Amino acid sequence: MAKKLRIDKILSNIGYGSRAEIKKYCKQGMISVNGKNINNPGIQVDPENDKILFNGEEVNYREFVYIMLNKPDGYISATFDKHDPIVLDLIDSSYYVFEPFPVGRLDKDTEGLLVLTNDGQLAHRVLSPKKHVPKTYYAKIEGIVTEEDIVAFSKGVMLDDGYETMPSQLKILKSGEISEIELTIHEGKFHQVKRMFESVGKKVVYLKRLSMGKLVLDKNLELGEYRELTEEEIKLLEER
């Protein structure tokens with residue numbers, strides 16, 4: 001069944017003005033639905049199927065936005081910070097009316113896949129500890145990563161606060177003074193990847209998230225670049 005919303009709510013939600021301003025625009029004959037001028041801002045319309053014009057231009061309504069960002073180093077995964085730039089600074093200001101926020105967080109010095117949305121229910125499902133949505137990281141490690149580390153991670157390791165992690169999958173890409181690895185974890189404790197390696201006497205010197213669920217970072221996105229997710233990718237985000 002089509003979902004109907006007040007015309008002033010639809011237009012204010014996507015940045016055409018406040019409710020009071022929309023009311024004024026209605027009186028000025030600037031808003032029409034299916035070819036008829038609307039003078040009542042409280043009229044209910046179907047934003048997906050009714051043709052809404054504002055000052056002669058068609059209104060494309062959508063409730064949610066879903067953005068894939070390749071987060072660079074130096075940005076805070078937040079909607080506000082007094083001291084540092086935030087990830088919202090990287091996207092066009094036209095998205096701000098939707099009030100997007102990061103789904104989870106990446107540390108300031110961590111790069112890679114970050115999803116921004118205003119869909120709170122989706123964010124809750126992805127972040128819920130019960131879901132155990134896998135997240136895969138690429139990292140450079142100071143120290144030689146060994147088969148013993150693979151075994152330890154596969155059983156779960158004890159963090160500095162006494163928390164024992166869930167089993168994780170460690171893959172060694174290169175072993176040496178600076179090792180290169182991929183690690184898939186199924187929870188999201190604070191600084192988890194860094195603390196897991198600290199538990200086996202090694203230090204993460206570079207960290208990049210490659211995937212969340214089955215959603216993989218688009219390799220065509222340079223650091224700081226972003227694009228909207230496709231419908232298929234939105235579904236992948238929740239798949240295990």
Side-chain angles (χ1 to χ4, degrees), residues 68-77 87 102-116 122-225 229 232-240:
M68 175 191 292
L69 169 70
N70 187 359
K71 178 192 170 299
D73 181 5
Y75 286 80
I76 303 292
S77 298
V87 290
V103 179
R105 67 188 302 278
L106 288 179
D107 295 339
K108 180 181 176 181
D109 60 353
T110 300
E111 299 177 356
L113 176 62
L114 187 66
V115 173
L116 303 171
L122 176 132
H124 175 74
R125 291 193 297 271
V126 171
L127 298 173
S128 171
K130 295 178 182 178
K131 288 284 186 178
H132 304 306
V133 172
K135 293 171 277 289
T136 298
Y137 294 82
Y138 164 82
K140 292 182 180 179
I141 310 297
E142 193 175 90
I144 299 172
V145 181
T146 66
E147 292 293 325
E148 289 181 357
D149 296 325
I150 292 177
V151 173
F153 280 27
S154 71
K155 295 177 180 178
V157 294
M158 189 79 74
L159 301 184
D160 49 13
D161 60 357
Y163 178 82
E164 186 171 334
T165 67
M166 294 178 62
S168 58
Q169 292 74 51
L170 174 61
K171 179 181 178 182
I172 300 173
L173 304 176
K174 176 185 174 184
S175 186
E177 289 186 14
I178 299 293
S179 299
E180 297 179 34
I181 62 93
E182 284 186 9
L183 177 66
T184 300
I185 61 175
H186 302 267
E187 59 210 318
K189 298 299 178 184
F190 184 66
H191 294 320
Q192 182 169 337
V193 175
K194 296 173 182 176
R195 292 163 68 203
M196 287 177 72
F197 277 99
E198 285 171 4
S199 75
V200 292
K202 299 175 180 70
K203 182 181 179 181
V204 174
V205 293
Y206 173 81
L207 188 60
K208 178 177 184 175
R209 183 156 64 194
L210 303 176
S211 65
M212 290 177 66
K214 292 184 178 179
L215 177 66
V216 178
L217 178 64
D218 186 339
K219 293 181 179 178
N220 293 319
L221 287 179
E222 298 290 337
L223 282 171
E225 291 186 341
L229 295 181
E232 292 76 14
E233 287 174 329
I234 295 167
K235 293 174 184 174
L236 287 175
L237 189 57
E238 299 188 70
E239 290 187 17
R240 294 180 59 184

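Here the structure is a predicted model, which is why all the values come from computation and not from measurement.
Look at D161 and K189 and you find no salt bridge, because none of the NZ, NE, NH1 or NH2 atoms lies under 4.0 Å from a carboxylate O.
Y138 pairs in a side-chain hydrogen bond (donor to acceptor under 3.5 Å, both in side chains) with only one of the listed residues (E180, K208, E182), which is E180. Just one of L236, T136, L237 meets the side chain to side chain contact (heavy atoms under 4.5 Å, CB included) condition when paired with M212; it is L237. For the side chain to side chain contact (heavy atoms under 4.5 Å, CB included) criterion with F197, the lone passing option out of V157, V205, L183 is L183.
The closest side-chain heavy-atom distance from D109 to K194 is below 4.5 Å. Inter-residue side-chain proximity for V115 and L215 is flagged as met; some heavy-atom pair is nearer than 4.5 Å. When side chains are defined from C-beta on, H186 counts as touching P134, because their heavy atoms get closer than 4.5 Å. The shortest side-chain heavy-atom distance between R105 and D107 falls under the 4.5 Å cut-off. Inter-residue side-chain proximity for L170 and M196 is flagged as unmet; no heavy-atom pair is nearer than 4.5 Å. Side-chain contact between L159 and T165: present, with at least one pair of heavy atoms (C-beta onward) separated by less than 4.5 Å. Proximity of N70 to E222: side-chain heavy atoms (C-beta onward) are nowhere separated by under 4.5 Å. Taking 4.5 Å as the limit, some side-chain heavy atom of I141 sits within range of a side-chain heavy atom of V204.
Of the possible donor and acceptor atoms, none in the side chain of R209 sits under 3.5 Å from a partner among the backbone N and O of L114. Side chain of K71 to main chain of T110: a donor-acceptor pair is present (N/O by atom type, distance under 3.5 Å, no hydrogens or angles). Formation of a donor-acceptor pair under 3.5 Å by the K171 side chain with backbone atoms of Q169 is not found in this model. Proximity of a side-chain donor or acceptor of K130 to a complementary backbone N or O of S128 within less than 3.5 Å is not detected.
When all heavy atoms are compared, the tightest approach of T184 to S168 is O-CB, 3.1 Å. Taking all atoms of both residues into account, the shortest heavy-atom contact from S175 to I144 is OG-CG2, 3.1 Å. Considering all non-hydrogen atoms of both residues, L207 and A139 come closest at CD1-CB, 3.7 Å. Nearest heavy-atom pair across K202 and D149 is NZ-OD2, 3.1 Å.
Distance check, rounded to the nearest 0.5 Å: CE of M68 to CD1 of I234 gives 10.5 Å. We find the OG-CG distance between S77 and L106 to be 5.0 Å, quoted to the nearest 0.5 Å. Summarising the geometry, atom NZ belonging to K235 is positioned 13.0 Å from atom CG belonging to L229; distances are rounded to the nearest 0.5 Å. The distance from atom OG of S199 to atom CD of E164, rounded to the nearest 0.5 Å, is 10.5 Å. For the atom pair NZ of K155 and CE of M158, the computed distance is 13.5 Å after rounding to the nearest 0.5 Å. Going from atom CD1 of I172 over to atom CD1 of I181 covers 9.0 Å, rounded to the nearest 0.5 Å.
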Let me see the working for F153 and V200 under side-chain contact (heavy atoms from CB on, under 4.5 Å), right down to the final yes or no.
-> CA-CA 9 Å; F153 280 27; V200 292; 4.0 Å; yes

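Within a 6.0 Å sphere centred on NE2 of H191, other residues, nucleotides and ligands contribute more than 12 heavy atoms. More than 12 heavy-atom neighbours from other residues, nucleotides or ligands sit within 6.0 angstrom of OH on Y137.
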